[in-house]
Amino acid sequence: MKPRVRFAPSPTGFLHIGGARTALFNWLYARHTGGTFVLRIEDTDTARNTQAAVDVILDGLRWLGLNWDEGPLTSDATGPSKGNLGPYFQSQRKANYRARVEALLSRGLAYEDEGAIKFKMTREPIVIHDLVVGDVERKLTDREEMDPDFVIVRSDGEPVFHLVNVIDDLEMNITHVIRGEDHLSNTAKHIALFKAFGVEPPKYAHIPLILNKDGSKMSKRDQGALMNVYMEGGYLPEAVLNYLCLLSWSPKDNREKLPLSEVVERFDLPQILRANARFDHDKLLWLQGEYARELGSDRFYELCVHALGKGGFDTNRFPIEYVKAALDTCKGKIRLFTELPAYAGFYFTDSFEYNPDGVKKDFTPENKPRLQKLRDAIASTEPFVAAGLEATLKRVAGELGVKAGVLVHPTRLACTGNAAGPSLYHLLEVLGREKVLQRIDRALTTF
RNA sequence: GACCCUAUGGUCUAGCGGUUAGGACACUGCCCUUUCACGGCGGUAGCUCGGGUUCGAUUCCCGAUAGGGUCGCCA
């Protein structure tokens, strides 16, 4: 029988990076084994759950490319889904829960207590055969010793997580439960529940948690904890995915950057590490840069145009060839697309501020005549292309008896407002003679 | 408080009784270079501690310590 795994988030309005990693590991295992990846929405908390919150989860998984074989097609709990074992929203499965609870009640495995229904938990230690952690004997804690039974239906009639999670895994024929290690201690309860229902529990694989760089628990408020930061922050999903694969899993051959298809091929449960991993944003950024550099042109343009648009630059007002030429000078230079407006905005507006430090350093009295001389030489450079412009600049520098850099910096500042950026000669070529001369002339009037 | 998991540089990791403890990110020196970035060549930095087992422990066992998790009518 092929494995059936599931990702079962509750719609809280956020998709946590840890949740995304859990989804990823489930997805990887399903794809590796040719099994089925089920998405189930645990929306039992009617007070908190909204359709918009479900969209956050669906959008996040889609952005990452973690497609599910069974589960909802839309965020509408009563809407369409794929798969034969739905509904895939817990809010639509209440009849199942009621029937299961009745069965427990009638067999004396559960009882009513102050309006709630409690499950008669075994008093014996339970051994969890975990595929990642190994055999774990879970004894009762001191509080559990006093009352090992736990509530499965609240006094308001709503079933609780432990119950519905188990019933759904059972009824959806889930074979492997791959989830965060925060559930390891709870697993004894789940196993007892499965046994009470007369079925063998699924295999468990508890994966380590993702902590902050300093080792503290990552909460929603922590930097980088939520998926939307990456979706909106100019990240590439392949970079995020690759980075997530490297936390608690390793290809073991000293490679860091590897395509998802290869991870799918090599991924398996037993080789997942046991220790919690810390989230290193710098390393993610590095991978992001690696992937950004080798992006295909069309996708690169698309992402750039989108980022520039968000930064207030309407590239549609410029000829497509100009836009492409401008963006080509940025390829391989930026990591995050959100950097682009500041990095390349000068291509798309004439009104930009000069970098103050650059002004101090480069717009100096002795540089003014130099820039003037270069301006005149540029005015007659023919054709107006990078190689010729470079030759012109170096010739003028030679005539002035200064290094090229002396001319390069004021020119860059005059034409872009920035102290760093794309290759100067190439950006001049893209801007064209008219704009370059205008910008140098304008700069010359400021100092 | 009880129970559970974990422990290799700052971070992610390779290692599975004998290695000059390997790689990556970050940091840093030099080179390349108009800037930035990339790239190339170096550098700093590590087996938590204490007991065992063994001819020999980073590696196996026990304990301590530290970190994380759970013990809810949250999920």
Side-chain angles (χ1 to χ4, degrees), chain A residues 8-12 42-45 47-49 90 113-118 125 128 130 132-134 136-148 150-162 164-165 180-189 206 208-209 211-217 243 246-257 273-287 289-290 292-293 330-335 339 343 358 362 390 393-394 397 403-409 411-413 416 418-427:
Chain A
S10 74
T12 58
E42 306 218 331
D43 58 341
T44 52
D45 191 341
R48 275 198 306 166
N49 300 152
Q90 290 188 328
D113 182 43
E114 295 187 40
I117 296 172
K118 294 179 85 171
I128 303 157
D130 194 280
V132 171
V133 189
V136 177
E137 188 185 71
R138 169 66 155 79
K139 301 187 191 89
L140 296 177
T141 67
D142 53 358
R143 286 173 206 190
E144 289 167 337
E145 287 284 3
M146 297 196 297
D147 180 15
F150 58 93
V151 171
I152 52 176
V153 180
R154 291 190 277 258
S155 51
D156 64 1
E158 291 295 321
V160 306
F161 162 75
H162 300 299
V164 297
N165 191 265
E181 199 207 74
D182 49 339
H183 287 294
L184 182 57
S185 294
N186 290 149
T187 302
K189 290 177 179 166
H206 286 92
L209 305 179
L211 309 177
N212 288 316
K213 182 87 188 265
D214 66 4
S216 61
K217 185 184 179 177
Y243 178 66
L246 262 24
L247 295 181
S248 308
W249 181 84
S250 161
K252 299 186 189 297
D253 59 4
N254 282 344
R255 287 189 309 151
E256 314 287 324
K257 178 167 174 288
L273 275 342
R274 267 92 54 93
N276 292 341
R278 302 176 188 212
F279 193 83
D280 185 356
H281 192 259
D282 285 330
K283 188 149 184 178
L284 201 212
L285 250 189
W286 168 72
L287 272 169
E290 295 291 304
R293 197 171 309 117
C330 304
K331 186 83 183 282
K333 309 279 276 187
I334 56 154
R335 289 173 156 177
E339 297 168 20
Y343 191 81
D362 299 319
E390 178 170 3
L393 185 138
K394 287 184 171 162
K403 286 185 176 177
V406 173
L407 293 176
V408 164
H409 295 290
T411 308
R412 173 186 298 285
L413 190 62
T416 73
N418 292 328
S423 160
L424 178 67
Y425 311 117
H426 292 85
L427 75 84

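Each chain gets a letter, A, B and so on, in the order the sequences are listed, and its residues count up from 1.
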Query raised in the report: Do the numbers put K189(A) on top of the ring of F150(A), so that NZ or CZ is under 6.0 Å from the six-membered ring centre and no more than 45° off the axis?
Result: yes

Query - Polar side-chain atom of T411(A) near backbone of L407(A) as donor-acceptor pair, under 3.5 Å - result: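 The answer is yes, because a donor-acceptor pair under 3.5 Å joins these two groups.
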
Rounding to an integer number of angstrom, what distance separates [N] and [M] when you compare their [atom1] atoms?
N: U59(B); M: G22(B); atom1: C1'; result: 16 Å
N: C36(B); M: U44(B); atom1: P; result: 26 Å
N: A66(B); M: A24(B); atom1: P; result: 35 Å
N: G15(B); M: G23(B); atom1: C1'; result: 12 Å
N: G40(B); M: U58(B); atom1: C1'; result: 33 Å
N: G69(B); M: A75(B); atom1: C1'; result: 15 Å

From [atom1] of [X] over to [atom2] of [N], roughly how many Å is that when rounded to an integer?
X: R278(A); N: G10(B); atom1: CZ; atom2: P; value: 10 Å
X: K252(A); N: U13(B); atom1: NZ; atom2: C1'; value: 9 Å
X: R138(A); N: C3(B); atom1: CZ; atom2: P; value: 10 Å

Query raised in the report: Under a 4.5 Å cut-off applied to non-hydrogen side-chain atoms, are E256(A) and K283(A) in contact?
Result: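 In contact.
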
Query - Heavy-atom side-chain contact between V132(A) and H206(A) under 4.5 Å - result: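 No. Closest side-chain heavy atoms not under 4.5 Å.
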
Query - A292(A) versus R335(A), closest heavy-atom pair with distance - result: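 Smallest heavy-atom distance, with atoms named: CB-O, 3.7 Å.
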
Report summary line: In short, Y343(A) meets P422(A) closest at the heavy-atom pair OH-N, 3.3 Å

**Report entry** Atom pair CZ (R138(A)) and CG (L184(A)), whose distance is rounded to the nearest 0.5 Å
**Finding:** 8.5 Å

Query raised in the report: When rounded to the nearest 0.5 angstrom, what distance separates CD in E181(A) from NE2 in H183(A)?
Result: 11.0 Å

Requested in this report: Specify the residue among D113(A) and L273(A) whose closest nucleotide of RNA chain B lies further upstream toward the 5′ end.
Outcome: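 Here L273(A) is the residue nearer the 5' end.
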
Report task. Would you kindly compare K333(A) and L247(A) by the position of their nearest RNA chain B nucleotide and give the one closer to the 5′ end? Result -> L247(A)

Query raised in the report: Any donor-acceptor pair under 3.5 Å joining the side chain of S155(A) to the base of C73(B)?
Result: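 Flag set: donor-acceptor pair detected.
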
Of all the choices, [options], which nucleotide is nearest to the side chain of [X] once you look at every atom?
X: W286(A); options: U13(B), A24(B), A75(B); result: A24(B)
X: T141(A); options: A75(B), C38(B), A2(B); result: A2(B)
X: D182(A); options: A75(B), G69(B), C38(B); result: G69(B)

Show the distances under 3.5 angstrom between N or O atoms of the protein and N or O atoms of nucleotides 21-23 of chain B.
from, atom 1, to, atom 2, distance (Å)
G22(B), N2, N254(A), OD1, 2.9
G23(B), O4', N254(A), ND2, 3.4
G23(B), O2', N254(A), O, 3.1
G23(B), N2, E256(A), OE2, 3.2

Pairs: protein N or O with nucleotides 31-34 of chain B N or O, under 3.5 Å:
from, atom 1, to, atom 2, distance (Å)
U34(B), O2, R412(A), NH2, 3.0
U34(B), N3, L424(A), N, 3.3
U34(B), O4, S423(A), OG, 2.6

List, with names and distances, any nitrogen or oxygen atoms from the protein found under 3.5 Å away from nitrogen or oxygen atoms belonging to nucleotides 5-7 of chain B.
from, atom 1, to, atom 2, distance (Å)
C5(B), O2', E181(A), OE2, 3.0

